[in-house]
Q: 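Below: one structure in structure tokens.
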Amino acid sequence: MCAGAERIGFSLRLSAMYVELLRLASSFVHDDSGLTLTEWEVVVGVAQSPRPLRVRELADFLVLEVATLWQLIPRLLDEGLVGQASDGEDRRMLLLVADERQRLHAADCFRSLSRHVAGITLRYLPTEEFDMHMARSIGASLDVLRGHPADVSLPVAGGYLRLEFLVFARVIIDRWRAVIRRSCGLSLSEFRVLDALCGSQRLRVQDLSELLLLARSQVSACRRALDARGLVRTGRNPLDGRSVLLAATEKGRSLVAGALPALDELTERAHRPDTEGGVMVLDAWHARMYYNLKRYHEETGGSCGHSKN
């Protein structure tokens, strides 16, 4: 992040915020409805749309491959979570629709997830500025990642969580993964661990877990993969013989430096709110959301679970 919050580039804080937020939402949706988050997005997208949707245009709105969406549809139809109709112009064309019962069910699921996620990420924060961004800018940000405006337009409603925000989080994480895979041959988690080590002299596994909001087992797995490629080195911790200290090698630093320009360019393009002072507001909210998620991570020991009470 540049001084003065003039732009929003790739950072450890931003990537941790999106990854943990999506993990939190995925866990809640699975526990609450037994659906994957992508299946849930389909159900909510159909329910919130003011008109029936063709499979291709829903896939475009959700930034999914058409083949991927077709794999999800049979289960959602069988469980009565969405309905189907035929196109009057082409009866061979399937349309996805929602009746009143399905709309009410989807709305209830959406409110439950929104309350859960907002209760963790927006603790002690007013929501007016972020609501403004969500209502006015998140659609345009998603258009940047999609590459064009979507034909589907969902009603603009107040409140912290919008379907577009969760789709945006999923898509930007996928795009980061693609950039990192092409440039480094690493997973996103491995790159985040290596990037953190490039910004510090030496860190413990526990330090990395707390910084990146990753389980210690994940950090340990990343350490082994990075060590096998000569990207990190391990040394004894002189203050605690039970732990080790990790550091990036020159090879590791060079790999991260080569990937960051493309990650920054992608991230900056997708974070350009059109409201006055929007970048500063958005950057401040990202920081607050990260620290709220960090606190939740510490309180739950990195657990994804939630209480329905």
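In this chain, numbering begins with 1 at the start of the sequence shown.
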Q: What closest approach, in Å, do A98 and A47 show between heavy atoms, and which atom pair accounts for it?
A: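 What the structure gives for the nearest pair is CB-CA, 3.9 Å.
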
Q: Identify the heavy atoms of V179 and A262 that sit nearest to each other, and give their distance.
A: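 Minimum heavy-atom separation between V179 and A262: CG1-CB, 3.8 Å.
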
Q: Going through the distances and angles, do Q48 and R103 end up as a side-chain contact (heavy atoms from CB on, under 4.5 Å)?
A: CA-CA 7 Å; Q48 289 188 352; R103 290 183 188 278; over 6 Å; no

Q: Do side-chain atoms of E57 reach the backbone of R54 as a donor and acceptor pair under 3.5 angstrom?
A: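 Confirmed, E57 side chain pairs with R54 backbone.
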
Q: Of all heavy-atom pairs between L166 and A25, which one has the smallest distance, and what is that distance?
A: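 Scanning both residues, the minimum pair turns out to be CD2-CB, 4.1 Å.
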
Q: Does any part of the side chain of I138, heavy atoms only, come nearer than 4.5 Å to the side chain of L142, both counted from C-beta?
A: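 L142 does not reach I138 side chain to side chain.
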
Q: What heavy-atom pair brings L213 and A16 nearest, and what distance separates the two atoms?
A: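 Of all heavy-atom pairs spanning L213 and A16, the closest is CD1-O, 4.0 Å.
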
Q: So do F61 and D151 actually touch side chain to side chain, heavy atoms under 4.5 Å?
A: no

Q: To the nearest 0.5 Å, what is the distance between CD on Q218 and CD on E190?
A: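 It comes to 11.0 Å.
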
Q: If I take atom CD1 from residue I173 and atom CG from residue L22, how far apart are they, to the nearest 0.5 angstrom?
A: 4.5 Å

Q: Please name the residue in the list F165, W40, F28 that meets the ring-ring contact (aromatic ring centres under 6.0 Å, His included) test with F110.
A: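 That would be W40; it is the only one of F165, W40, F28 passing the ring-ring contact (aromatic ring centres under 6.0 Å, His included) with F110.
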
Q: What I want to find out is whether R75 reaches D78 closely enough, with some N-O distance under 4.0 Å, to be called a salt bridge.
A: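 Answer for the salt bridge query: no.
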
Q: Measure the spacing between CG of L194 and SG of C222 and express it to the nearest 0.5 Å.
A: 10.0 Å

Q: Give a yes or no answer on whether the side chain of T249 reaches the backbone of L231 with a donor-acceptor pair at less than 3.5 Å.
A: yes

Q: Can a salt bridge be assigned to the pair K294 and E210 using a cut-off of 4.0 Å between side-chain N and carboxylate O?
A: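 Judged by the 4.0 Å cut-off on N to carboxylate O distance, K294 and E210 do not form a salt bridge.
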
Q: With V167 as reference, evaluate T38, L145, V63 under the side-chain contact (heavy atoms from CB on, under 4.5 Å) test and give the passing residue.
A: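 Testing V167 for a side-chain contact (heavy atoms from CB on, under 4.5 Å) against T38, L145, V63 leaves exactly one candidate, V63.
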
Q: Looking at residues at least two apart in the chain, or sitting in another chain, which of them share a ring-ring contact (aromatic ring centres under 6.0 Å, His included) with H105?
A: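 Checked H105 against ring-ring contact (aromatic ring centres under 6.0 Å, His included); zero matches.
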
Q: Could you tell me whether R295 and E298 make a salt bridge, using a distance below 4.0 angstrom between a side-chain N and a carboxylate O?
A: no

Q: So do R170 and L62 actually touch side chain to side chain, heavy atoms under 4.5 Å?
A: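 Of all side-chain heavy-atom pairs linking R170 with L62, at least one is under 4.5 Å.
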
Q: Supply the atom-to-atom distance R269 CZ to I8 CD1, rounded to the nearest 0.5 angstrom.
A: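 Here the rounded value is 14.5 Å.
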
Q: Verify, without hydrogens or angle tests, whether S200 (side chain) and L203 (backbone) share a donor-acceptor contact under 3.5 angstrom.
A: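 Checking the backbone N and O of L203 against the side chain of S200, no donor-acceptor pair under 3.5 Å is found.
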
Q: What's the separation between atom CG in D31 and atom OG in S26, rounded to the nearest 0.5 Å?
A: 10.5 Å

Q: Would a 4.5 Å heavy-atom cut-off, applied to side chains only, mark L255 and L186 as touching?
A: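 The answer is yes, as the side chains (C-beta and beyond) meet within the 4.5 Å cut-off.
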
Q: Quick one: are L24 and Y296 in side-chain contact, heavy atoms under 4.5 Å?
A: yes

Q: Does the side chain of V244 reach to within under 4.5 Å of the side chain of R236, using non-hydrogen atoms?
A: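 They are not in contact (no side-chain heavy atoms under 4.5 Å apart), so the answer is no.
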
Q: So, does D264 use its side chain to make a donor-acceptor pair with the main chain of G9 at under 3.5 Å?
A: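 Pair absent, no side-chain N/O of D264 close to backbone of G9.
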
Q: Would you say the side-chain atoms of S254 pair up with the backbone N or O of E250, donor to acceptor, closer than 3.5 Å?
A: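 Side chain of S254 to backbone of E250: no pair is present.
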
Q: Please assess R224 against D227 for the test side-chain contact (heavy atoms from CB on, under 4.5 Å), listing each intermediate value before the final yes or no.
A: CA-CA 5 Å; R224 290 191 293 271; D227 184 63; 5.7 Å; no

Q: Check for me, please, whether V144 and L282 land in the same ILVMFWY cluster - side-chain distances under 4.5 Å, paths through other members count.
A: no

Q: With hydrophobic residues grouped by side-chain heavy-atom distances under 4.5 Å, do M17 and V281 end up in a single group?
A: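 Same cluster: M17 reaches V281 through Ile, Leu, Val, Met, Phe, Trp or Tyr contacts under 4.5 Å.
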
Q: Do V82 and L104 belong together in a cluster built from hydrophobic side chains that touch within less than 4.5 Å?
A: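 Result: no, two separate clusters.
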
Q: What is the minimum heavy-atom distance between A247 and R202, and which atoms define it?
A: CB-CG, 3.9 Å

Q: Take the angle between the ring planes of H286 and H271 and call it parallel below 30°, perpendicular above 60°, tilted in between.
A: perpendicular

Q: State plainly whether one hydrophobic cluster holds both V97 and L58, where clusters connect Ile, Leu, Val, Met, Phe, Trp and Tyr through side-chain heavy atoms under 4.5 angstrom apart.
A: no

Q: For the residue pair R216 and R204, establish whether any side-chain heavy-atom pair is separated by less than 4.5 Å.
A: no

Q: Using side-chain contact (heavy atoms from CB on, under 4.5 Å), reason through L113 and D32 one step at a time and then give a plain yes or no.
A: CA-CA 9 Å; L113 177 60; D32 193 55; over 6 Å; no

Q: Once you round to the nearest 0.5 Å, how far does CG of L76 lie from CD of Q102?
A: 10.0 Å

Q: Does L188 reach the side chain of V19, with side-chain heavy atoms less than 4.5 Å apart?
A: yes

Q: If you apply the rule side-chain contact (heavy atoms from CB on, under 4.5 Å), what do you find for Y290 with L14, and how did you get there?
A: CA-CA 7 Å; Y290 166 77; L14 186 69; over 6 Å; no

Q: Whether the side chain of S49 engages the backbone of V46 through a donor-acceptor N/O pair (distance < 3.5 Å, no angle test) should be reported.
A: no

Q: For R13 and D283, what are the C-alpha separation, side-chain angles and deciding distance, and is it a salt bridge (charged side-chain N to carboxylate O under 4.0 Å, His left out)?
A: CA-CA 10 Å; R13 187 184 70 192; D283 186 57; 3.0 Å; yes

Q: Search all heavy atoms of L69 against all heavy atoms of A59 and return the closest pair with its distance.
A: CD2-N, 3.6 Å

Q: Where do F191 and W176 land on the ring-ring contact (aromatic ring centres under 6.0 Å, His included) test, with the steps shown first?
A: CA-CA 10 Å; F191 182 85; W176 285 338; 10.0 Å; no

Q: Have H148 and D60 got a donor and an acceptor in their side chains that come within less than 3.5 Å?
A: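 Judged by distance alone, the side chains do pair up.
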
Q: State plainly whether the residues E164 and R146 are in salt-bridge range, i.e. N to O under 4.0 Å.
A: no

Q: Give the cluster check for L122 versus I120: same hydrophobic cluster or not, with ILVMFWY residues linked at side-chain heavy-atom distances below 4.5 Å.
A: yes

Q: Looking at R192 and D195, is there a salt bridge between them, counting it only when a charged N and a carboxylate O are closer than 4.0 Å?
A: no

Q: Please check: side-chain N/O of S209 versus main-chain N/O of L214, any donor-acceptor pairing under 3.5 Å?
A: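 At least one qualifying donor-acceptor pair exists.
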
Q: For S141, does its backbone N or O pair with a side-chain atom of R272 as donor and acceptor, under 3.5 Å?
A: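 Absent.
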
